[in-house]
Peer 1: 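Structure incoming, see below.
Reminder, nothing fancy here: chain letters follow the sequence lines and each chain counts from 1. Just so it is clear, the structure is predicted and the values come from calculations on it, not from any experiment.
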Amino acid sequence: MDPSAEPRPGGRGAPLPRSFYTREDVVLIARELLGKLLVTQIGGIMTGGLITETEAYAGADDRASHAFAGRRTPRNEPMYAQGGTTYVYLCYGIHHLFNVVTHARDVPHAVLIRAVHPTIGLAHIASRRAPAAPTTHGPGTLTTALGIRTHHTGLDLLGGPIGIEDIGMRPTGNDLLIGPRIGVDYAGADAQRPYRFRIAPSRLPMILR
DNA sequence: ATACCGATTAACT
DNA sequence: GTTAATCGGTATA
């Protein structure tokens with residue numbers, strides 16, 4: 001196979017170690033997941049992209065979290081697994097939303113991956129996508145692009161079909177935007193927490209070279 | 001058993 | 001700016 005057959009900014013990287021995920025500060029982890037490479041090997045097809053947008057969900061004290069007040073159900077059980085576990089659930093009956101579980105076992109912290117910039121398996125990503133769908137931006141469209149479904153919930157990010165790698169990209173300063181989370185108005189004051197992180201879209205072209 | 005609703009998206013006006 | 005689509009999860013009885 002010709003290694004130059006497709007654009008691969010940064011190429012492959014080193015899988016994030018367990019210690020990245022098991023730290024206590026889910027907000028810090030959400031920020032540090034920006035610029036990491038999300039890779040899936042599903043149905044014999046490899047696809048991946050740079051994480052460009054994330055949101056932190058801070059467990060039992062966060063009204064926006066599925067685990068608010070310690071709620072623990074069959075759906076959100078993976079949130080209580082150790083850091084480095086996946087949490088995938090169906091939203092609005094249509095969209096599969098992908099989260100990275102953090103902190104220790106029984107502490108339900110998670111980071112929602114909201115957008116990626118595709119870099120691996122672009123042809124496969126294009127064929128998975130509905131013809132009219134213009135982007136892989138948005139938490140529901142990126143899972144379609146990468147083949148992630150609800151049955152991928154509760155998997156280990158170390159050694160499974162879904163993994164995250166460090167390719168040495170660390171957005172800071174003007175490359176990094178911080179603001180309130182999207183679609184959580186029901187969470188009252190917690191909706192205003194500055195838990196949403198993204199790479200400034202205008203800076204992406206510079207970052208990728 | 002039944003009712004309600006969502007960590008969204010695409011297609012509208 | 002608005003709204004239909006769509007269904008598993010959750011709470012209530």
Peer 1: Walk me through whether Y21(A) and H103(A) qualify under side-chain hydrogen bond (donor to acceptor under 3.5 Å, both in side chains).
Peer 2: CA-CA 6 Å; Y21(A) 302 109; H103(A) 207 302; over 6 Å; no
Peer 1: What is the distance from CG of D190(A) to C1' of dA7(B), rounded to the nearest Å?
Peer 2: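 Interatomic distance, CG of D190(A) to C1' of dA7(B): 13 Å.
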Peer 1: How is the base pairing of DNA chain C summarised as a dot-bracket string, given the Watson-Crick and G-U wobble criteria with both distances under 3.5 Å, [ ] for crossing and | for another strand?
Peer 2: |||||.||||||.
Peer 1: Just call it for R75(A): base, sugar-phosphate, or nothing, with non-hydrogen atoms closer than 4.0 Å on any strand.
Peer 2: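 Here R75(A) touches the backbone only, sparing every base.
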Peer 1: Between Y89(A) (OH) and dG6(B) (P), how many Å, whole number?
Peer 2: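 Y89(A) atom OH is separated from dG6(B) atom P by 11 Å.
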Peer 1: Looking only at heavy atoms, which two atoms of A115(A) and G138(A) are closest? And how far apart?
Peer 2: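 Here A115(A) and G138(A) meet closest at CB-N, 4.1 Å.
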Peer 1: Looking at the rings of H96(A) and Y89(A), which for Trp means the six-membered one, are their centres under 6.0 Å apart?
Peer 2: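 So the answer is no for these two rings.
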Peer 1: Check the side chains of R128(A) and T47(A) for a donor-acceptor pair under 3.5 angstrom, ignoring hydrogens and angles.
Peer 2: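 Yes, because at least one side-chain N or O of T47(A) sits under 3.5 Å from a partner of the opposite role on R128(A).
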Peer 1: Looking at Y57(A), does the NZ or CZ of R181(A) lie under 6.0 angstrom from its six-membered ring centre and within 45 degrees of the ring axis?
Peer 2: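 Checked: cation-pi criterion met.
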Peer 1: Distance check needed: dT8(B) C1' versus F98(A) CZ, whole Å only.
Peer 2: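 So the CZ-C1' distance, F98(A) to dT8(B), works out to 18 Å.
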Peer 1: Just checking L112(A): base, sugar-phosphate only, or nothing, at a heavy-atom cut-off of under 4.0 Å?
Peer 2: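 Counting heavy atoms under 4.0 Å across all strands, the contact made by L112(A) includes a base.
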Peer 1: Starting from P on dA7(B), measure out to NE2 on H109(A) and report it in whole angstrom.
Peer 2: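 So the NE2-P distance, H109(A) to dA7(B), works out to 18 Å.
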Peer 1: Can you check whether Y92(A) stacks with the dA5(C) base, using ring centres under 5.5 Å and planes within 30°?
Peer 2: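 A stacking contact does not exist, since Y92(A) is not both close and nearly parallel to the base ring of dA5(C).
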Peer 1: Within this structure, what is the CD-to-P distance between E53(A) and dA7(B), rounded to whole angstrom?
Peer 2: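 Taking CD of E53(A) and P of dA7(B), I get 16 Å after rounding.
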Peer 1: Check the phosphate of dT8(B) against R114(A), side-chain N and O only, distance under 4.0 Å to OP1 or OP2. Yes or no?
Peer 2: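 Result: yes.
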Peer 1: Are more than 12 heavy atoms from other residues, nucleotides or ligands located less than 6.0 Å from atom CZ of R23(A)?
Peer 2: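 It does: R23(A) CZ has more than 12 such atoms within range.
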Peer 1: Taking only N and O in the side chain of T73(A), is any of them less than 4.0 Å away from OP1 or OP2 of dT10(C)?
Peer 2: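 Result: yes.
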Peer 1: Taking the side chain of Y186(A) as its heavy atoms from C-beta onward, which of dT10(C), dA7(B), dT9(B) lies nearest to it?
Peer 2: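 The answer is dA7(B), which lies nearest to the side chain.
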Peer 1: Measure the distance from OH on Y195(A) to P on dA7(B) and round it to the nearest whole Å.
Peer 2: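 Rounded to the whole Å, the gap is 17 Å.
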Peer 1: Could you tell me the separation between the NE2 atom of H96(A) and the P atom of dA7(B), rounded to a whole number of Å?
Peer 2: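 To the nearest whole Å, that distance equals 15 Å.
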Peer 1: Any N or O donor-acceptor pair linking the side chain of H66(A) to the base of dA7(B) at under 3.5 Å?
Peer 2: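 Yes, the side chain and the base share a sub-3.5 Å donor-acceptor pair.
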Peer 1: Applying ring pair (Phe, Tyr, Trp, His ring centres under 6.0 Å), can you list everything that pairs with Y80(A), at least two apart in sequence or on another chain?
Peer 2: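 Ring pair (Phe, Tyr, Trp, His ring centres under 6.0 Å) list for Y80(A), sorted by chain: empty.
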Peer 1: Between I94(A) (CD1) and dG9(C) (C1'), how many Å, whole number?
Peer 2: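 So the two atoms are 15 Å apart, to the nearest Å.
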